[in-house]
Amino acid sequence: MIAAERSMLVLLAAGRSTRFGDVDKLEQAFLGRPLAMHVVTALEAVPFMTRVAIVSGTTLDFAGHGYAVIDNRAPESGMSASVKLGIKAARDAGAAAVVIALADMPRVTATHIFRLFDAAEGADAVVASSDGRTPSPPALFGAGRFRALAEAEGDAGGRALIRAGFHVVTSPAELIDIDTPDDLARLRALV
């Protein structure tokens with residue numbers, strides 16, 4: 001098992017939200033607070049060695065929640081640009097692993113993240129979330145996988161690694177990813 005205390009949380013919050021319209025989807029209200037702050041709050045219970053938010057043009061206060069904030073100046077390069085920034089930070093910090101989470105997945109729980117850690121064995125670990133059919137973030141990557149993540153291009157990020165990794169199944173409701181206004185409306189209807 002890889003310990004959370006030796007791992008970095010990399011929260012990806014630099015997407016361009018092109019399918020959401022002219023507003024920052026992460027700032028949209030859900031249950032009385034910005035969408036992105038739900039995963040931030042949910043993961044406060046996980047004792048990561050450090051937390052990094054990769055952002056682009058947001059007014060959200062990740063730093064006020066204990067995150068080092070790294071500006072992705074090229075979000076049009078896809079998710080891999082954000083992943084590379086997070087991996088560089090993890091290498092600089094000497095992290096044994098990273099957990100990559102998405103700021104537009106407001107239903108992720110600390111319990112699920114602990115299950116990812118429980119399933120992680122060694123530096124080459126790749127442990128992803130799954131709804132029982134499709135693997136997805138949040139995902140844990142041991143330090144032995146940092147090079148492959150740093151070499152990824154476009155929106156692929158660690159997709160190939162995630163598909164080939166170990167999958168921890170959780171409720172599909174926990175893995176809801178908000179990409180469009182309709183997605184947010186469906187989420188609001190669930191609660």
Side-chain angles (χ1 to χ4, degrees), residues 1-15 17 24-72 79 82-83 85-120 125-131 136-143 149 157-158 162 168-178 183-184 187-188 190-191:
M1 182 177 94
I2 296 174
E5 294 85 356
R6 297 181 53 233
S7 304
M8 175 182 284
L9 172 60
V10 176
L11 183 66
L12 302 184
S17 303
D24 183 350
K25 70 179 174 183
L26 299 180
E27 296 179 8
Q28 297 306 298
F30 174 60
L31 298 177
R33 62 180 177 215
L35 183 72
M37 290 299 119
H38 288 270
V39 68
V40 167
T41 301
L43 300 187
E44 286 176 346
V46 182
F48 290 104
M49 67 182 281
T50 189
R51 300 159 195 270
V52 171
I54 311 297
V55 304
S56 178
T58 188
T59 62
L60 294 172
D61 183 17
F62 292 104
H65 291 273
Y67 285 73
V69 177
I70 299 173
D71 186 35
N72 179 350
M79 188 182 296
S82 291
V83 170
L85 291 169
I87 293 303
K88 181 183 181 325
R91 283 178 165 162
D92 291 349
V98 296
V99 171
I100 296 178
L102 307 182
D104 62 358
M105 294 179 78
R107 306 270 312 220
V108 170
T109 65
T111 300
H112 181 65
I113 299 301
F114 282 118
R115 291 179 63 215
L116 298 180
F117 279 112
D118 287 345
V126 177
V127 183
S129 303
S130 176
D131 61 3
S136 71
L140 181 149
F141 299 91
L149 289 169
I162 286 173
V168 175
V169 177
T170 191
S171 162
E174 185 169 348
L175 300 178
I176 291 173
D177 184 354
I178 306 301
D183 292 339
L184 184 55
L187 176 61
R188 288 175 175 150
L190 285 176
V191 298

Identify the two heavy atoms, one from [X] and one from [Y], that lie closest to each other, and give their separation to 0.1 Å.
{"X": "T58", "Y": "E27", "result": "OG1-OE2, 3.3 Å"}
{"X": "A103", "Y": "V39", "result": "CA-CG1, 3.9 Å"}
{"X": "I2", "Y": "A125", "result": "CD1-CB, 4.2 Å"}
{"X": "F30", "Y": "R188", "result": "CD1-CG, 4.0 Å"}
{"X": "L12", "Y": "S82", "result": "CD2-CB, 3.7 Å"}
{"X": "V108", "Y": "A42", "result": "O-CB, 3.2 Å"}

Next on the checklist: Here's a test for you: under side-chain contact (heavy atoms from CB on, under 4.5 Å), which of D177, L26, L187 qualifies with P106?
Outcome noted: L187
Checklist entry - Quick check: are there more than 12 heavy atoms from other residues, nucleotides or ligands sitting under 6.0 Å from CZ of R6? => result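 No.
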Do the side chain of [X] and the main chain of [Y] share a donor and acceptor less than 3.5 angstrom apart?
{"X": "S129", "Y": "P138", "value": "yes"}
{"X": "R51", "Y": "L43", "value": "yes"}
{"X": "K25", "Y": "I178", "value": "yes"}

Next on the checklist: Could you tell me if H38 and R33 have a donor-acceptor pair between their side chains, going purely by distance under 3.5 Å?
Outcome noted: yes
Find the distance between [atom1] ([X]) and [atom2] ([Y]) and round it off to the nearest 0.5 Å.
{"X": "L11", "Y": "H65", "atom1": "CG", "atom2": "NE2", "answer": "11.0 Å"}
{"X": "I54", "Y": "I70", "atom1": "CD1", "atom2": "CD1", "answer": "4.0 Å"}
{"X": "I176", "Y": "E174", "atom1": "CD1", "atom2": "CD", "answer": "10.0 Å"}
{"X": "I162", "Y": "L140", "atom1": "CD1", "atom2": "CG", "answer": "10.5 Å"}
{"X": "I113", "Y": "S7", "atom1": "CD1", "atom2": "OG", "answer": "11.0 Å"}
{"X": "L35", "Y": "D183", "atom1": "CG", "atom2": "CG", "answer": "10.5 Å"}

Checklist entry - In terms of the angle between their ring planes, are F62 and Y67 parallel, tilted or perpendicular, with boundaries placed at 30° and 60°? => result perpendicular
Checklist entry - Given side chains that start at C-beta, do those of L60 and V55 come closer than 4.5 Å, heavy atoms only? => result no
